[in-house]
Amino acid sequence: MKPQRQFLAALTLLAAASVSYAQTQDAHQWLEDVSGDKALNWVKARNAETRSKLDKDAGFIKLRDDLGVILNSKDRIPGIYKMGDAVYNFWTDAEHPRGLWRKTTLDEYRKPQPVWEVVLDVDALAKQENENWVYKRANCREPEYDRCLIELSRGGADAVTLREFDLKSKSFVKGGFTLPEAKMNVDWRDKDTLYVATDFGKGSLTDSGYARIVKEWKRGTPLSKARTLLEAQKTDMSVAAQNSEHGGVRHELVHRQITFYTSEQFLRNGDKLTRLDVPAQSDVSFFSTQIIVTPRENWTTGGQTFAAGSVLAMDFDAFMKGERQFTALFTPSSSTSFTGMAATRNTLLLQSLNDVKSKLVEWSFKDGSWTQREVSLPTLGSVGVMAWDPDHSDEYLLSYSDYLTPSVYLMAKAGSDEREKLKSAPAFFDASPYETVQQFATSKDGTKVPYFMVKRKDLKLDSNNPTLLYGYGGFQVSLTPSYSGALGKNWLEKGGVYVVANIRGGGEYGPSWHQAALKGNRQRAYDDFAAVAEHLISSKITSPQHLGAMGGSNGGLLAGVALTQRPDLFNAVVSQVPLLDMKRFNQLLAGASWMGEYGNPDVAEEWAFIQRYSPYQNVKAEVKYPNVLFITSTRDDRVHPGHARKMAAKMLAQGHKNVWYYENIEGGHGGAANNAQRADMSAITYTFLWNMLKWDNAEYRIH
């Protein structure tokens, strides 16, 4: 080839490469600059557009006010936990939007209007320090309950600051333990020693933004002198250390979280760390002298094979000597799954689901063997169990609710079904006209997918009912029935139908239900959700012009996929604090920690299946999409607000007119920092949904 022709060919290749490179660039990536002026100006402009639509809506302000009344109701149940001789509660209302940490006695709590003693006033602290503090938690030293580690967040983010607090003087300890803002994991070793996993400086964080190093920190010494216990890999998720004590038996544990689902557990004995011989996908806890292992993968050991989702117990000393004779406290079936446990002094309370309905069993360990008793439950809805005083008592707090039953708080005792009602929440709507039914849809591959539907008993099957379909489908999270006054007032009372889809990816049927939709099988979760929508339509509950989809976080991704894959099924979609750009999710905030769920988009083979559903890469100018609302928070430091920003910007740039956007400047991953913000964002959501899905929705009809 002559030099001139070589030069022209090179120019042609360069031009082609430039076009290809330009096509792969993200024109809206600048919106990932969370607090940059240009990005925030875009956010403020979109927020103003949304506000301008709401200002003209007569029902919006009333709805927001009604929600505020519900959220700030002084008749709500103040949840309690026992520390020493007192019971503690964290409370927010209209007068205390940031909250009061307070205490009283159990006898006083039993009264209709108990008298509380304020321990920490977060509103007063925020005003004094001119900082937008959001209370996260108090980690108090057991069993003395003299000192606590208080975690406070700016604006609701996951990153917190830490300060030592004296419970007796109700003040922060001068010269006590303090840590600057970071995503951290801290626990007491003893009064003068902490386990600390935090940002120790350059190179001390994982790719996911969590601590890579865990140390032992002595009182009165600089953090830089803290002793390293374990260093994880940069590609790991995180590390932590903690005490585990029950029945007078204490264990020190160091934990290396390799991926979201795989880990290594170490027993600390002096300077020695001994890795526990348990599956990589499992959890470990202790009940007195017994080790409790809950494998999330099939485990063959001791001549037996235990199914993923089992709960196994055996003597810990024998386990450390190499024996593997486990007792199975729970074995999953095709319809059952383990969901959690709590330990009283002599009893292990084991919770499970049977076709997404709650079950509770008490296990007692005596004379070297386990015996069980099934507990009679007052509902098939959501059940909460918390040990009252595991060092001294077999009492426990039992709470329950379902879609139509407000929360009830009971004092129970192992060995009996007799309970004392401590508190009951008020009803915010008349539930008598409604019923909850469970149905099953058939997914694309033939799998039966359960869903709950809350509707009027006299509902007409005329395909004309405004219906909201909610889902999550990820990280082995189960969606069980629970009460929402806001849902009742703002959806059911207006004539709406509410549906919750228990799709694969969740934990409703244990690890196998979750793992069925991991990585390359992710599409199954989206097919399940579409199958429920199709079942609602074929059953004449609703029709596409009256059907909406909603989800948050991983559920926000689900909503985004429903928008882009099945626009024919919906007339409105709400995507809350969502993942949407699955090409870059692992490079944004905590995203790298979720590659165990979705896969790694930087690996060509894995991007091949991720790109097929990633909403940001699949939205097209020529397709007619449902009305959509993207709602997120600037202070969300878990799921990057850039996902929602970029998706809205891309759709607007493509010429889609039916795109709503709202971003709360505060709020963290929960979306809101206080009840006023929660009421506002909920009112935006429900106003949008009702206008799009109501019987006379001609103005917003897409189909």
Side-chain angles (χ1 to χ4, degrees), residues 32-36 39-40 43-44 47 64 67-68 70-72 76 79 89-101 120-139 149-163 165 179-186 198-199 208-210 477 486 551-556 574-579 588-591 593 630-645 661-685:
E32 293 177 6
D33 184 5
V34 175
S35 56
L40 283 180
V43 167
K44 291 172 183 176
N47 284 356
R64 185 174 59 189
L67 285 166
I70 293 172
L71 290 169
N72 289 314
R76 298 175 355 254
N89 161 260
F90 189 77
W91 181 260
T92 60
D93 57 29
E95 291 78 38
H96 309 96
R98 301 183 193 279
L100 298 173
W101 191 33
L120 176 65
D121 185 332
V122 182
D123 292 271
L125 180 68
K127 183 177 180 181
Q128 175 188 338
E129 299 183 351
N130 193 30
E131 186 59 82
N132 181 23
W133 289 129
V134 173
Y135 174 90
K136 285 291 186 175
R137 74 172 186 139
N139 180 353
L149 302 172
I150 305 291
E151 295 181 5
L152 298 167
S153 159
R154 289 186 303 111
D158 284 353
V160 297
T161 62
L162 180 139
R163 306 183 202 178
F165 188 85
L179 287 172
E181 184 178 63
K183 293 181 179 180
M184 64 181 70
N185 192 298
V186 181
T198 188
D199 185 348
S208 301
Y210 297 106
V477 173
S553 191
N554 170 74
V574 177
S575 181
Q576 303 165 307
V577 289
L579 290 89
L588 301 174
L589 297 176
S593 65
F630 299 105
I631 194 160
T632 189
S633 164
T634 310
R635 288 292 295 158
D636 188 346
D637 57 352
R638 193 181 312 172
V639 176
H640 199 292
H643 285 277
R645 291 177 179 181
Y661 184 88
Y662 189 77
E663 180 175 321
N664 191 25
I665 304 302
E666 299 176 340
H669 191 51
N674 55 50
N675 285 343
Q677 293 176 11
R678 291 183 188 96
D680 184 56
M681 296 181 78
S682 186
I684 292 171
T685 300

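Reckoned from all heavy atoms, side chains included, excluding hydrogens, waters and symmetry mates. On a predicted model such as this, the values are computed, not experimentally measured, just so you know.
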With Arg163, which of Glu151, Glu181, Glu129 fulfils salt bridge (Lys or Arg N to Asp or Glu O under 4.0 Å)?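 The single option meeting the salt bridge (Lys or Arg N to Asp or Glu O under 4.0 Å) with Arg163 is Glu129.
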At their closest point, which heavy atom of [X] faces which heavy atom of [Y], and how far apart are they?
X: Asp33; Y: Ala39; result: O-CB, 3.2 Å
X: Leu71; Y: Arg678; result: CD1-CB, 3.8 Å
X: Ala157; Y: Arg635; result: CB-NH2, 3.3 Å
X: Ile631; Y: Ile684; result: CD1-CG2, 4.5 Å
X: Val186; Y: Arg137; result: O-NH2, 3.5 Å
X: Asp636; Y: Pro641; result: O-CD, 3.7 Å

Expected output: side-chain [X] to main-chain [Y] donor-acceptor under 3.5 Å:
X: His96; Y: Trp91; value: no
X: Ser153; Y: Val134; value: no
X: Arg645; Y: His640; value: no
X: Thr92; Y: Gly99; value: no
X: Asn47; Y: Glu663; value: yes
X: Asp637; Y: Asp158; value: yes
X: Asn89; Y: Gly79; value: yes
X: Lys136; Y: Ile150; value: no
X: Asp123; Y: Arg98; value: yes

Find the distance between [atom1] ([X]) and [atom2] ([Y]) and round it off to the nearest 0.5 Å.
X: Tyr662; Y: Thr685; atom1: OH; atom2: OG1; answer: 11.0 Å
X: Leu579; Y: Arg638; atom1: CG; atom2: CZ; answer: 11.0 Å
X: Leu125; Y: Asn130; atom1: CG; atom2: CG; answer: 11.5 Å
X: Met681; Y: Asn664; atom1: CE; atom2: CG; answer: 5.0 Å
X: Leu100; Y: Phe90; atom1: CG; atom2: CZ; answer: 7.5 Å

Trace of the side-chain contact (heavy atoms from CB on, under 4.5 Å) decision for Val34 with Thr634: CA-CA 7 Å; Val34 175; Thr634 310; 3.8 Å; yes
Candidate pair Tyr210 and Asn185, rule side-chain contact (heavy atoms from CB on, under 4.5 Å), full reasoning: CA-CA 9 Å; Tyr210 297 106; Asn185 192 298; over 6 Å; no
Is there a side-chain contact between Leu588 and His643 (heavy atoms, below 4.5 Å)?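 Contact flag for Leu588/His643 side chains = yes.
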